[in-house]
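Beneath this line is the structure, given in structure tokens, with notes to follow.
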Protein chains: 2
Amino acid sequence: MASLTAGNRRPVRLADIAKAAGVSHGTASNVFSRPEIVREEVRERVKAAAEAMGYGGPDPKGRLLRAGKVNAIGVATAEPLSYFFDDPFARVMMASISQACDATGAGISLVSAANNEQLAWNIQSALVDGFIVFCVEGGSRLVELARERKLPFVALDLDSEDGAVAAIGVDNIAGASLAARHLTDLGHRRFAVLALPFADGRTGLVSPEQVRSATYAGTRDRLTGYLQELSRVGVDTSKVPVYETANDAASAKAGLETIFAAKEPPTAILAMSDKIALVTLEWLSARKLNVPNDVSIVGFDGVPESAVSEPSLTTIAQPIAEMGRLAVKAILENDGKVSRQLLPVELIVRASSAPPRG
Amino acid sequence: MASLTAGNRRPVRLADIAKAAGVSHGTASNVFSRPEIVREEVRERVKAAAEAMGYGGPDPKGRLLRAGKVNAIGVATAEPLSYFFDDPFARVMMASISQACDATGAGISLVSAANNEQLAWNIQSALVDGFIVFCVEGGSRLVELARERKLPFVALDLDSEDGAVAAIGVDNIAGASLAARHLTDLGHRRFAVLALPFADGRTGLVSPEQVRSATYAGTRDRLTGYLQELSRVGVDTSKVPVYETANDAASAKAGLETIFAAKEPPTAILAMSDKIALVTLEWLSARKLNVPNDVSIVGFDGVPESAVSEPSLTTIAQPIAEMGRLAVKAILENDGKVSRQLLPVELIVRASSAPPRG
DNA sequence: AGCAAAATTTGAATCGATCCAACGAAAGTG
DNA sequence: CACTTTCGTTGGATCGATTCAAATTTTGCT
């Protein structure tokens with residue numbers, strides 16, 4: 001028993017086995033990276049030495065520095081890491097990103113952090129060739145950080161109009177408009193909107209001024225789309241309650257309480273995410289309100305869950321898979337040019353919408 | 001417009017800005033990593049130079065090589081990358097792994113690959129401090145690859161008895177036994193088993209010889225646990241159909257077709273995963289068979305979906321969160337010692353099990 | 001054998017940082 | 001004023017590989 005696992009440290013480098021095998025490190029390196037160009041006898045000798053010394057193959061750390069390319073993309077969010085595995089939208093997006101990565105042989109690094117300084121450090125020290133940034137709350141800070149790394153990056157669903165950042169998003173105005181149009185076509189005239197955040201850390205009914213000063217352009221655009229269509233058919237949009245949620249169950253339910261406390265509750269609800277819409281479905285069913293007969297709902301996103309809910313959800317589907325693919329492509333084939341892409345959305349009519357009663 | 005994004009290449013290194021600021025690279029380095037030890041005047045000068053030259057901060061590639069630690073753990077599977085976001089068990093596990101990582105400030109690299117050589121390369125070149133290996137199909141090859149990297153790694157749910165591999169798993173025999181005991185206690189005597197794979201790429205009814213030669217010890221153990229309990233109450237286990245699935249909907253349904261084609265269909269089904277059990281719930285409901293009155297089902301895993309299915313699923317819960325935490329801890333605080341941990345499981349009785357009819 | 005061409009091998013340079021022993025200058029002390 | 005501390009800065013060594021032009025060995029051919 002000389003020293004199999006004995007020598008505690010593992011300072012066995014390529015140079016060590018080169019010396020042991022009596023070849024130069026150049027040759028030793030070739031044995032691993034281009035075995036076909038070294039004579040068989042030598043190759044075997046080096047491999048034997050490597051085996052004997054417990055060498056685990058060329059250390060990627062060294063290779064990396066030389067090669068420059070990490071061959072991995074970082075996916076960043078300001079949410080906790082588990083967001084990637086919990087949130088329905090994130091999951092679908094990640095699934096499509098990972099498919100695109102699989103196809104090109106790139107790896108994925110998840111970047112996130114519990115607190116803010118940690119986040120900065122994690123972004124600064126992430127070993128990646130570029131970032132895909134999930135823009136939810138706190139997205140702008142994230143974009144800032146990513147930009148500072150001076151690596152290619154694209155923002156998903158960016159809530160900013162800064163033309164200097166590459167972003168892939170959907171046409172929120174058109175999508176929202178489509179949703180509202182579907183409901184007005186069915187004959188609805190009494191609406192309520194369950195919105196995504198307009199600004200950080202706030203929930204509740206929003207005033208027009210708050211909308212105008214919204215931090216998140218995406219949210220504002222969706223509202224614009226909704227209201228445009230509603231006013232087109234003569235609805236007094238100033239009377240339509242718009243409740244800002246944090247895109248979670250608690251705030252959505254609080255919003256519903258508020259909305260349905262009104263004397264003339266809405267017959268149709270425009271939800272800015274499927275997540276909110278699904279919570280709404282649940283809440284209404286607990287209240288013994290029938291969907292779609294008492295209340296119609298249209299969601300936004302088109303996550304898989306929306307197809308199997310009870311009832312299934314009418315929604316505006318984003319081309320999530322396509323967005324993921326484009327994002328990966330943008331990073332990997334980055335040629336320095338900044339581009340913004342606005343993808344089309346699609347109305348998917350399912351069982352949660354119908355003409356109003358009477 | 002001199003050259004903001006003009007200079008196509010970005011060979012701006014720490015040394016460059018050191019030169020530009022007229023300081024040594026040692027000092028320049030300190031400006032970023034230990035700003036407090038350099039005189040303010042100098043610090044500002046260097047920062048200004050960095051800003052002017054578009055320096056994105058110290059490149060982690062360089063730092064990495066010097067520091068040795070990547071501060072990230074690799075999570076590997078032989079499945080496609082999207083497995084992490086699709087499979088319920090994987091998702092819960094990942095959520096707990098990521099929480100543990102968040103807490104310690106470590107990042108996560110997802111390692112996987114479309115094909116086999118790609119996999120080997122990806123493992124060999126992953127920039128991580130250690131691996132957590134998801135052992136599903138093809139797990140042994142993955143373990144082999146990971147072991148060759150000579151990095152700390154732990155296997156999750158390892159299907160091998162190799163004592164040299166650190167592994168975290170559950171007591172499959174005890175768990176399965178618990179599941180079967182629950183059903184026999186309720187009075188069931190006619191069973192069928194929907195199994196996980198015993199060996200690669202095969203589905204269908206399995207013979208005792210196939211079980212004995214099973215590649216996957218985990219699957220075998222669960223079966224052993226089931227049958228042990230069944231024979232204890234006098235069931236002729238040679239008559240109990242055991243259908244090997246690929247842990248997906250298609251093969252599970254095929255298994256159900258086979259099982260329920262029998263003259264005396266079972267009154268109770270033992271499913272080796274919640275995924276299979278949930279598919280079974282669906283299939284039975286489509287067949288107008290009532291659960292639990294016509295057929296009882298007990299799953300295995302304890303994924304969140306099992307609590308909200310219709311009816312909710314009686315299952316054997318694995319301490320998934322605990323397993324994730326332990327795995328991360330094992331990698332990060334690795335002191336070279338190999339350990340195997342067998343965690344206890346728990347029977348959770350819900351609505352999918354009841355005494356048989358009559 | 002003699003010589004050119006082909007096949008291998010060598011060793012220095014490089015990737016981009018961090019670390020540290022040594023050194024110079026400024027501040028403190030008797 | 002001479003002498004020790006303290007503070008900041010310097011520049012060489014190092015991390016672990018890959019690359020490539022030049023040197024060396026083999027092979028092929030007459």
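The chains referred to below are lettered A, B, ... by the order of the sequence lines, with proteins before strands, and numbering in each begins at 1. The basis for the numbers below is simple: all heavy atoms, side chains too, and nothing from hydrogens, waters or symmetry mates.
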Anything under 3.5 Å between a donor and an acceptor, one on a side chain of residues 99-110 of chain B, the other on a protein residue two or more places apart or in another chain? List them.
from	atom 1	to	atom 2	distance (Å)
B:Asp102	OD2	A:Leu81	N	3.1
B:Thr104	OG1	B:Ala100	O	3.3
B:Thr104	OG1	B:Cys101	O	3.2
B:Ser109	OG	A:Ser109	OG	3.1

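- Screening residues 62-76 of chain B for salt bridge (Lys or Arg N to Asp or Glu O under 4.0 Å), with sequence neighbours left out, gives no hits.
- The shortest non-hydrogen separation linking B:Pro35 to B:Phe32 is CD-O, 4.0 Å.
- One can place CG of B:Leu14 at 6 Å from P of C:dT18, the figure rounded to the nearest angstrom.
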Set out, line by line, the N/O atom pairs under 3.5 Å between protein and nucleotides 21-26 of chain C.
none

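- Listed by chain and number, the residues in a salt bridge (charged side-chain N to carboxylate O under 4.0 Å, His left out) with B:Glu40 amount to none (sequence neighbours excluded).
- Within residues 36-48 of chain A, the residues approached by DNA chain C to less than 4.0 Å at the level of any non-hydrogen atom are A:Val38, A:Arg39, A:Val42, in residue-number order.
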Distance-only donor-acceptor hits, side chain of residues 17-26 of chain A, under 3.5 Å, sequence neighbours excluded:
from	atom 1	to	atom 2	distance (Å)
A:Ser24	OG	A:Gly26	N	3.4
A:Ser24	OG	A:Thr27	N	3.3
A:Ser24	OG	A:Thr27	OG1	3.4

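- For A:Arg91, the salt bridge (charged side-chain N to carboxylate O under 4.0 Å, His left out) criterion is met by A:Glu305, not counting sequence neighbours.
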Please list, pair by pair, any protein nitrogen or oxygen found under 3.5 Å from a nitrogen or oxygen in nucleotides 12-15 of chain C.
from	atom 1	to	atom 2	distance (Å)
C:dT14	O2	A:Arg66	NE	2.8
C:dC15	O2	A:Arg66	N	3.4

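- Considering all non-hydrogen atoms of both residues, B:Ile320 and B:Ser96 come closest at O-OG, 3.5 Å.
- For the pair B:Phe32 CZ and D:dT9 C1', the computed distance is 17 Å after rounding to whole Å.
- Note on the helix from C:dA1-D:dT30 to C:dG30-D:dC1: terminal axis deviation equals 40°, with five pairs used at each end and the result rounded to 10°.
- Taking B:Glu51 as the reference, nothing meets the side chain to side chain donor-acceptor pair (under 3.5 Å) condition, with sequence neighbours excluded.
- Residues passing the ring pair (Phe, Tyr, Trp, His ring centres under 6.0 Å) test with B:Phe84, sequence neighbours excluded: B:Phe134.
- In this structure B:Tyr83 satisfies the ring pair (Phe, Tyr, Trp, His ring centres under 6.0 Å) test with no other residue, sequence neighbours excluded.
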